*Asks:* 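Pasting a structure below so you can have a look.
All heavy atoms count here, side chains included; hydrogens, waters and symmetry mates do not. Naming: A, B, ... by sequence-line order, numbering from 1 per chain. Worth saying up front: this structure is predicted, and the values here are computed from it rather than measured.
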Amino acid sequence: MIIATFNVNSVRQRIEHLTRWLQARAPDIVCLQELKCVDDAFPRAEIEALGYNVATHGQKTFNGVAILSRHPMEIEHRGLPGFEDEQARYIEAVVSVPGEAIRVCGIYFPNGNPAPGPKYDYKLAFMKALTAHAEALLKHEEKLVIAGDYNIIPEPRDVKFPEAWVSDALFLPESRAAYRRLLNLGFTDAIRAQSDAAGLYTFWDYQAGAWQRNNGIRIDHLLLSPRAADALKETGIDKDLRAEEKPSDHVPVWCRLG
DNA sequence: ATGGTAGCGGTGCTA
């Protein structure tokens, strides 16, 4: 059972990368972010042809999230419960796999720059609402994965040049503290549960040769409930996609639950 | 010190 997250930076521009990767990695469940299109423009047929059910929550031009699943799924929410939002940043489903159910939340956090300012306030408000919802979900004591682009660098070891990010919304102490409050409810950061290494990046900017210089950051995360963490067997970051022609600036991150 | 790139949509915003 592989669950993955992938910020595609326009699903229409990335459909060939996405379908190649789906065939190679064969994940069971995938959360996508930054679709950058409305639901009717989503390349549904190409993905369904590979055996996936598709649920989208898109919008024109910006944002947009989706869940792909090889197993039957029921959509619980489009939009974060308790948080009025015109931006498409949240989708939640319960996936039925033989013998059990897994709840999957796909999230696309606001970037939050410039900070301070209204965009940063929005980011913190989104985090507060997600934390409240996650706390309620944890009471179900089920396998739960909150996967997506958090736009938060948790620690200095998750960024090549920490000093360059000290006043950035992705690395400000208040952002990192909010992320820790979510984790401290009882979630496990899947990548960190498997490795203490520095330099496990998931994003490299298009600008200034960031990929060639390995000037990266880790901002795409898979947070596991206790029951999901108990089942964690393996994780991976498919960074080879970043070296392809016309790549997304993010790469897929995945975990395997036994 | 600045700008460097990509996507959308048809200009400047978002990242």
*Asks:* Is A/Arg14 near enough to B/dG7 that one of its side-chain N or O atoms lies under 4.0 angstrom from OP1 or OP2?
*Replies:*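 So the side chain of A/Arg14 is within the cut-off, an N or O lying under 4.0 Å from OP1 or OP2 of B/dG7.
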*Asks:* Just how far, in rounded Å, is P of B/dA6 from CZ of A/Phe203?
*Replies:*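 Between P of B/dA6 and CZ of A/Phe203: 12 Å.
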*Asks:* Could you tell me how far apart A/Gln33 (CD) and B/dG7 (C1') are, to the nearest whole angstrom?
*Replies:*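 My rounded result for the distance is 16 Å.
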*Asks:* What's the gap between B/dG10 and B/dT14 when it is taken at their C1' atoms, as a whole Å value?
*Replies:*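 Those two atoms are separated by 16 Å.
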*Asks:* In terms of side-chain heavy atoms, does A/Asp149 have a donor or acceptor partner in A/Gln33 at a distance below 3.5 Å?
*Replies:*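 Short answer, no.
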*Asks:* Salt-bridge test for A/Glu155 and A/Arg176: reply yes if a basic N is under 4.0 Å from a carboxylate O, no otherwise.
*Replies:*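 Judged by the 4.0 Å cut-off on N to carboxylate O distance, A/Glu155 and A/Arg176 do not form a salt bridge.
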*Asks:* Could you give the CD1-to-C1' distance, from A/Ile15 to B/dG7, as a whole number of Å?
*Replies:*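 Rounded to whole Å, this separation is 16 Å.
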*Asks:* Report the nucleotide, chosen from B/dA15, B/dG7, B/dC8, that has the shortest atom-to-atom distance to any side-chain atom of A/Asn111.
*Replies:*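 Per side-chain heavy atoms of A/Asn111, the pick is B/dA15.
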*Asks:* Check the distance between B/dT14's P and A/Lys60's NZ and give it to me in whole angstrom.
*Replies:*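 Those two atoms, NZ and P, are 15 Å apart.
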*Asks:* Going by distance alone, is a donor N or O of one side chain under 3.5 Å from an acceptor N or O of the other, for A/Asp158 and A/Tyr201?
*Replies:*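 Side chains of A/Asp158 and A/Tyr201: no pair found under 3.5 Å.
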*Asks:* For A/Asp220 and A/Thr5, does a side-chain donor sit closer than 3.5 Å to a side-chain acceptor?
*Replies:*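 Judged by distance alone, the side chains do not pair up.
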*Asks:* Among B/dA15, B/dC8, B/dA6, which nucleotide has an atom closest to any side-chain atom of A/Tyr206?
*Replies:*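 For A/Tyr206, the side-chain atoms sit closest to B/dA6.
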*Asks:* Roughly, in whole Å, what's the span from OH in A/Tyr108 to P in B/dT14?
*Replies:*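 Roughly 11 Å, once rounded to whole Å.
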*Asks:* Provide, to the nearest angstrom, the distance between the CD atom belonging to A/Glu245 and the P atom belonging to B/dG7.
*Replies:*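 After rounding, the gap between these two atoms is 12 Å.
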*Asks:* Charged N to carboxylate O below 4.0 Å: is that the case for A/Asp189 and A/Arg218?
*Replies:*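 A salt bridge is present here (some side-chain N lies under 4.0 Å from a carboxylate O).
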*Asks:* At less than 4.0 Å, is any side-chain N or O atom of A/Ser10 found next to OP1 or OP2 of B/dC8? Yes or no.
*Replies:*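 So the side-chain polar atoms of A/Ser10 do come within 4.0 Å of the phosphate oxygens OP1 or OP2 of B/dC8, strictly under.
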*Asks:* Let me spell it out: for each of A/Arg12 and A/Asn113, pick the nucleotide of DNA chain B with the closest heavy atom. Which residue's pick is nearer the 5' end?
*Replies:*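 Closer to the 5' end of DNA chain B: A/Arg12.
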*Asks:* Roughly, in whole Å, what's the span from CG in A/Leu35 to C1' in B/dC8?
*Replies:*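 So the two atoms are 14 Å apart, to the nearest Å.
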*Asks:* Could you check whether A/Arg89 gets within reach of a base, just the sugar-phosphate, or nothing at all, counting any heavy atom under 4.0 Å?
*Replies:*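 Sugar-phosphate, backbone atoms only, no base.
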*Asks:* Quantified in whole Å, what is the C1' atom distance between nucleotide B/dA15 and nucleotide B/dG4?
*Replies:*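 Those two atoms are separated by 14 Å.
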*Asks:* Starting from the 5' end of DNA chain B, give me the residue, A/Lys36 or A/Asn151, whose nearest nucleotide shows up first.
*Replies:*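 It is A/Lys36 whose nearest nucleotide is closer to the 5' end.
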*Asks:* Rounded to the nearest Å, what distance is computed from the CD atom of residue A/Gln13 to the P atom of nucleotide B/dA15?
*Replies:*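 Roughly 18 Å, once rounded to whole Å.
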*Asks:* Picking from B/dA15, B/dC8, B/dG7, which would you name as closest to the side chain of A/Gln207?
*Replies:*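 Side chain of A/Gln207 sits closest to B/dA15.
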